[in-house]
2 protein chains.
Amino acid sequence: MSAILPGGFGNFSHSEMDLLQSVLLSKEITKGASLLKPGQICQSLYFIGSGSFIQFKEKDEIDQQVIDLHVEQEWMLNQQSFVRQQPSETFIQAYTDSRVHELTIAALHELIRLSPVFFQLARLLDPTPSRIKLFDDQLSPAEKYQFILEHRPALLQAFPLKVIASYLKMTPETLSRVREKLSKA
Amino acid sequence: MSAILPGGFGNFSHSEMDLLQSVLLSKEITKGASLLKPGQICQSLYFIGSGSFIQFKEKDEIDQQVIDLHVEQEWMLNQQSFVRQQPSETFIQAYTDSRVHELTIAALHELIRLSPVFFQLARLLDPTPSRIKLFDDQLSPAEKYQFILEHRPALLQAFPLKVIASYLKMTPETLSRVREKLSKA
DNA sequence: GAAGGTTCTTGATTTGAATCAAGTGACTGC
DNA sequence: GCAGTCACTTGATTCAAATCAAGAACCTTC
């Protein structure tokens with residue numbers, strides 16, 4: 001196995017990368033299948049080799065709220081559930097046929113036991129600055145859209161606008177208007 | 001030194017508690033003084049023995065946005081800055097004369113080296129479920145107020161309503177109206 | 001105790017996004 | 001080809017909270 005993992009999420013030597021990759025489990029996930037369901041406890045980090053995932057919550061019988069969107073070459077997990085080892089409230093569902101590389105919590109502990117260097121992976125357990133910016137600050141719909149345009153443009157390629165709208169916590173109508181305004185600005 | 005720390009944030013034996021307390025630095029902070037300023041990197045966790053703190057961001061020259069409120073018997077830090085060791089964007093400022101017990105990052109590492117049990121403290125580095133609920137879900141002003149009424153009532157004792165309003169990301173007028181409605185419901 | 005400053009409340013108005021509604025274009029499958 | 005569905009757009013209306021404005025209650029402090 002070689003180079004399934006990108007740089008950028010840690011400072012690892014070649015041998016450390018090899019070690020890391022050796023404990024990963026490669027899995028194929030077909031479109032629509034779930035890696036995590038409400039009630040389950042998130043036990044793994046997943047690195048997406050290819051494909052895309054939607055993490056969402058059932059608001060009511062009809063509607064679902066998109067919590068996060070994940071595209072290839074990104075790590076993915078339910079942070080809350082993983083860190084506190086508590087039942088998830090969200091689904092993590094493949095939006096397309098996908099391949100993931102799974103790092104179980106046991107494997108993570110083993111890595112850290114072997115070398116404290118792997119401590120760095122713990123950073124994956126915290127919300128990214130990008131997510132914090134998007135939802136902690138209170139941005140206007142236009143600002144939210146511009147933010148992902150700038151910081152997560154891949155999402156716009158990977159998902160339909162109604163999914164993006166739900167992720168950004170606005171209606172599809174509002175997103176449509178924001179885009180229209182921006183396109184002629 | 002005895003019993004400055006409460007239970008509830010970890011599962012420690014008496015001797016572990018003693019060890020933990022032995023590495024804490026007790027500090028007095030006078031009203032208005034800052035434990036952390038924008039540009040600085042958050043290097044410590046603070047346990048508030050007595051007093052209260054406001055964590056806020058300068059929105060513009062005039063206004064400031066309250067990010068978090070901290071009262072006694074709680075741990076406090078700038079999670080983003082601490083975890084990523086990046087410059088803070090917030091102030092952590094004493095709202096009243098206070099006493100804190102400081103756990104530096106170096107002391108934390110030393111504790112974990114001595115016993116992996118202290119790993120549990122890492123949970124302090126993640127946003128609490130309470131905070132996530134308050135700002136990730138999109139609650140109405142009334143729901144936000146009811147949430148802190150139920151989950152963080154001490155805040156209402158410790159801070160004026162205009163500070164609470166800023167924390168809850170609503171105007172003081174809206175908070176006032178929410179309270180009025182609730183009081184006669 | 002008067003003057004000034006806060007905090008909080010109350011009322012009137014504005015505003016921005018949600019909702020409601022309808023329509024277009026693209027694709028899907030019979 | 002045509003009905004049906006789905007994604008997206010566009011327009012009209014509604015609604016909730018922000019803003020603007022003013023006043024009441026409670027402080028300081030000189």
Side-chain angles (χ1 to χ4, degrees), chain A residues 31-32 52 54 56-57 59-66 69 71 93-97 134-149 153-185, chain B residues 31-32 52 54 56-57 59-66 69 71 93-97 134-149 153-185:
Chain A
K31 174 176 173 168
S52 55
I54 301 188
F56 65 91
K57 203 180 271 193
K59 268 194 308 190
D60 48 58
E61 298 297 302
I62 326 157
D63 255 359
Q64 52 196 49
Q65 170 68 48
V66 174
L69 298 173
V71 294
Q93 199 173 82
Y95 184 69
T96 60
D97 289 341
L134 208 40
F135 298 118
D136 244 54
D137 295 7
Q138 38 201 217
L139 306 181
S140 68
E143 288 168 328
K144 288 183 193 173
Y145 178 70
Q146 279 180 305
F147 188 84
I148 61 153
L149 245 191
L155 299 187
L156 299 172
Q157 300 308 314
F159 300 99
L161 292 175
K162 63 168 197 161
V163 170
I164 304 285
S166 175
Y167 172 56
L168 295 180
K169 291 168 186 167
M170 64 184 77
T171 60
E173 292 95 326
T174 295
L175 180 56
S176 177
R177 281 172 243 241
V178 160
R179 281 163 55 83
E180 192 220 0
K181 222 182 221 169
L182 236 78
S183 70
K184 57 180 183 188
Chain B
K31 174 176 174 167
S52 56
I54 301 188
F56 65 91
K57 203 180 270 193
K59 268 193 307 188
D60 48 58
E61 298 297 302
I62 324 157
D63 255 358
Q64 52 196 49
Q65 170 67 49
V66 174
L69 298 173
V71 295
Q93 199 172 81
Y95 183 69
T96 59
D97 288 343
L134 209 39
F135 297 118
D136 244 52
D137 296 7
Q138 35 202 218
L139 305 181
S140 69
E143 288 168 328
K144 288 184 195 174
Y145 178 70
Q146 278 179 305
F147 188 84
I148 60 154
L149 245 191
L155 298 187
L156 299 171
Q157 301 308 314
F159 301 98
L161 292 176
K162 61 166 199 160
V163 170
I164 304 285
S166 174
Y167 172 56
L168 295 180
K169 291 166 185 169
M170 64 183 78
T171 60
E173 291 95 328
T174 295
L175 180 56
S176 176
R177 278 165 201 153
V178 160
R179 281 162 55 83
E180 194 221 359
K181 222 181 220 170
L182 237 79
S183 70
K184 57 182 182 186

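Convention: sequence-line order gives letters A, B, ...; per-chain numbering from 1. Here the structure is a predicted model, which is why all the values come from computation and not from measurement.
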Under the 3.5 Å rule, do the base of dC8(C) and the side chain of E180(B) count as making a donor-acceptor pair? no
Do the side chain of S166(A) and the main chain of V66(A) share a donor and acceptor less than 3.5 angstrom apart? yes
Y167(A) and F135(A): aromatic ring centres closer than 6.0 Å? yes
Does T174(B) place a side-chain N or O at less than 4.0 Å from the phosphate oxygens OP1/OP2 of dA17(D)? no
How many Å lie between NZ on K162(A) and P on dA18(C), as a whole number? 17 Å
Would you say S176(B) reaches dC8(C)'s phosphate, i.e. side-chain N/O to OP1/OP2 under 4.0 Å? no
Under 4.0 Å from OP1 or OP2 of dA17(D): is there any side-chain N or O of T171(B) that close? no
On DNA chain C, check which nucleotide each of L161(B) and R177(B) is closest to and give me the residue with the more 5' one. L161(B)
Separation of atom CG in L175(B) from atom P in dT7(C), rounded to whole Å: 14 Å
Measure CZ/F159(B) against P/dC8(C) and give the value in whole Å, please. 13 Å
Nucleotide dT19(C), atom P - distance to CE of M170(A) in whole Å: 13 Å
State whether the side chain of S183(B) and the backbone N or O of E180(B) hold a donor-acceptor pair below 3.5 Å, judged by distance alone. yes
Whole-Å distance, L168(A) CG to dA18(C) P, equals 11 Å
Distance in Å, L182(B) CG paired with Y145(B) OH, rounded so as to fall on 0.5 Å steps: 7.0 Å
Output the rounded distance in Å from CD (Q65(B)) to C1' (dA18(D)). 14 Å
Considering only side-chain heavy atoms of R179(A), which listed nucleotide, dA17(C), dT9(D), dC8(C), is closest? dT9(D)
Please check if atom NZ in K162(A) has more than 12 non-hydrogen atoms from other residues, nucleotides or ligands closer than 6.0 Å. no
Please report, rounded to the nearest Å, how far the P atom of dC20(C) is from the CD atom of E173(A). 10 Å
Expressed as a whole number of angstroms, how long is the span from E143(B):CD to dA17(D):P? 10 Å
